[in-house]
2 protein chains.
Amino acid sequence: MKEITSQQQRVLDCIQIYINKTGFPPTRADICKELGFKSPNSAETHLRALEKKGFISIESGASRGISIINNDRNSSINSDEYPVIGLVAAGSPTLAEENIMNTINCPESFFNSSFDYFLKVKGLSMKNAGIMEDDLIAVKKTSDIKNGDIVIARIDDEVTVKFFNRKSPKIVELEPANEDFENIVVNLEQEELHIEGKSVGLLRKN
Amino acid sequence: MKEITSQQQRVLDCIQIYINKTGFPPTRADICKELGFKSPNSAETHLRALEKKGFISIESGASRGISIINNDRNSSINSDEYPVIGLVAAGSPTLAEENIMNTINCPESFFNSSFDYFLKVKGLSMKNAGIMEDDLIAVKKTSDIKNGDIVIARIDDEVTVKFFNRKSPKIVELEPANEDFENIVVNLEQEELHIEGKSVGLLRKN
DNA sequence: AATAGTACTGAATATATGTACAGTATAATA
DNA sequence: TATTATACTGTACATATATTCAGTACTATT
């Protein structure tokens, strides 16, 4: 599923709200009325973009033939116990039993992607990304990392949560979201970088 | 609710099946095709009968403007489905059905306190508190508010998420967590301040 | 500099759709 | 017996609706 723009999100929300309110999807004109567009083609182009990106399907020729594609509803509502692992300044967030602080019962399809454990955040190096001390990051163990992903990285025995940014085949920058911290530049030829996984969600209890 | 005839039941079932299959209601012609009628008026008269008996509602003039009226409104009290409500700049986040964007299955004891619904955040006025755009705030409907709590407040029809700070019996300050925004000072003698509830947790999908 | 994506306005049009009107027929009800 | 509800066919038409075409403008990427 590709990225959605803010305007496309507005249109998608508008469709969902309209369906909840009336029981049937809106026309192009209805969307224009709700969002203040003056041409039905404004709605049309957004709908086509949403269709292209896989958020909705459009029945050709049919009036109000819009349906929202829900990709986390088809998966069953199975709940599971997920471990909560503490991120210590010098320590590895493995699933070793001694690192499991407690568990949280949570539906398997809770986030947009499956995940493996919760990581309890220490420090404020990602505060500008809305990740605060003691927040729980839902971590998916994967090596499928793209630039801009929030990753759980280990260098030697140091574990950290940062933005991932591959500068060149051999250089990776781990970027904090806090002006008080500096980028960590990793030269893969000299240092070993292990990516534990990436963040697919966040949970905060207050 | 009056009695339903067998043919009307067939039509009602047809509508439900069509909605389940496509996501939107059928046209008169669609019903004819499904049930073997040869005139759209056959469907029309059945629809009018179903409407008269209260099984469906028909939006006049609108294509596919059929919606099935659900009489078994048992909002299953001990269910784990929590509604997600959009926070619109000028609009109230009530539990009115038209504002419910979707629901999230979640254990009742998920946060440290019980809660009533999720609120989808718009804007960045609380970014320094780690609340970002499109985050879902778990809202507990309560009037038990202490200074420093993150509250969902309504002034006139403006709804906002801010820190709560009672300065004096008559003065309440609503404080953002973003240097680009200013405190909202509410004189309770002059303005009406309604506290929808407070944040007891946060959920982010990325 | 060229291309592609987003975000719109505005006009035009083929057709999809609701809906009225004219019939026929059967069964139940007042 | 007259009336009403059910259960259809068939035709017709105004309009609701999807959809295309022609523009403008901004932004990001190549």
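Each chain gets a letter, A, B and so on, in the order the sequences are listed, and its residues count up from 1.
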Distance in angstrom units between [X] [atom1] and [N] [atom2], rounded:
| X | N | atom1 | atom2 | answer |
| --- | --- | --- | --- | --- |
| Phe37(B) | dT6(D) | CZ | C1' | 11 Å |
| Lys33(B) | dC8(D) | NZ | P | 19 Å |
| Leu47(B) | dT19(C) | CG | P | 10 Å |
| Ile58(B) | dA20(C) | CD1 | P | 11 Å |
| Phe24(B) | dA16(C) | CZ | C1' | 13 Å |
| Arg28(A) | dA16(C) | CZ | C1' | 12 Å |
| Arg64(A) | dA16(C) | CZ | C1' | 12 Å |
| Glu44(A) | dA16(D) | CD | C1' | 15 Å |

Next on the checklist: Return whichever of Cys32(A) or Ala49(A) has its heavy-atom-nearest nucleotide of DNA chain C closer to the 5' end.
Outcome noted: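 In this pair, the answer is Ala49(A).
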Between [options], which nucleotide has the shortest distance from any of its atoms to the side chain of [X]?
| X | options | result |
| --- | --- | --- |
| Pro40(B) | dT11(D), dA7(C), dA18(D) | dT11(D) |
| Lys38(B) | dG10(D), dA7(C), dT17(D) | dG10(D) |
| Ala62(A) | dA7(C), dT17(C), dT9(D) | dT17(C) |
| Ser42(A) | dT17(D), dT6(C), dT9(C) | dT9(C) |

Is [X] close enough to [N] that one of its side-chain N or O atoms is under 4.0 Å from OP1 or OP2 there?
| X | N | answer |
| --- | --- | --- |
| Arg48(A) | dT19(D) | yes |
| Gln7(A) | dC8(C) | yes |
| His46(A) | dT6(C) | no |
| Ser60(A) | dT19(D) | yes |
| Lys52(A) | dA4(C) | no |
| Thr5(B) | dA7(D) | yes |

Item to check | Test item: Arg204(A) side-chain N/O and Gly130(B) main-chain N/O as donor-acceptor pair under 3.5 Å | outcome: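 Indeed, once roles are kept as given, a pair shorter than 3.5 Å links the two residues.
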Next on the checklist: Using heavy-atom distances to pick each residue's nearest nucleotide on DNA chain D, tell me which of Asn41(B) and Gly61(B) is more 5'.
Outcome noted: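 Of the two residues, Asn41(B) wins.
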Next on the checklist: If you assign each of Ser63(B) and Arg10(B) to its closest nucleotide in DNA chain D, which residue comes earlier from the 5' end?
Outcome noted: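 Residue closer to the 5' terminus by nearest nucleotide: Arg10(B).
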Checklist entry - How about Asp116(A) and Glu196(A): do any of their side-chain heavy atoms sit closer than 4.5 Å? => result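 Asp116(A) vs Glu196(A): side chains apart.
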Checklist entry - So does Ser39(B) reach the base of dG10(D) with its side chain, donor to acceptor, closer than 3.5 Å? => result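 Counting by modelled atom types and ignoring angles, a donor-acceptor contact under 3.5 Å is found here.
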Checklist entry - Is the shortest distance from a Lys or Arg side-chain nitrogen in Lys120(B) or Asp135(B) to a carboxylate oxygen in the other one below 4.0 Å? => result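 Result for this pair is no, no salt bridge flagged.
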Next on the checklist: Is it the case that the side chains of Lys140(B) and Ser114(B) hold a donor-acceptor pair, with the cut-off being a distance below 3.5 Å and no angle test?
Outcome noted: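 Result is yes, a qualifying pair exists.
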Item to check | Asn20(B) and Gln16(B): side chain donor to acceptor below 3.5 Å | outcome: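 Yes, because at least one side-chain N or O of Asn20(B) sits under 3.5 Å from a partner of the opposite role on Gln16(B).
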Next on the checklist: Set out, in order, the CA-CA distance, both residues' side-chain angles and the distance that settles side chain to side chain contact (heavy atoms under 4.5 Å, CB included) for Arg64(A) and Asp30(A), then state yes or no.
Outcome noted: CA-CA 10 Å; Arg64(A) 302 177 188 275; Asp30(A) 290 330; 3.1 Å; yes
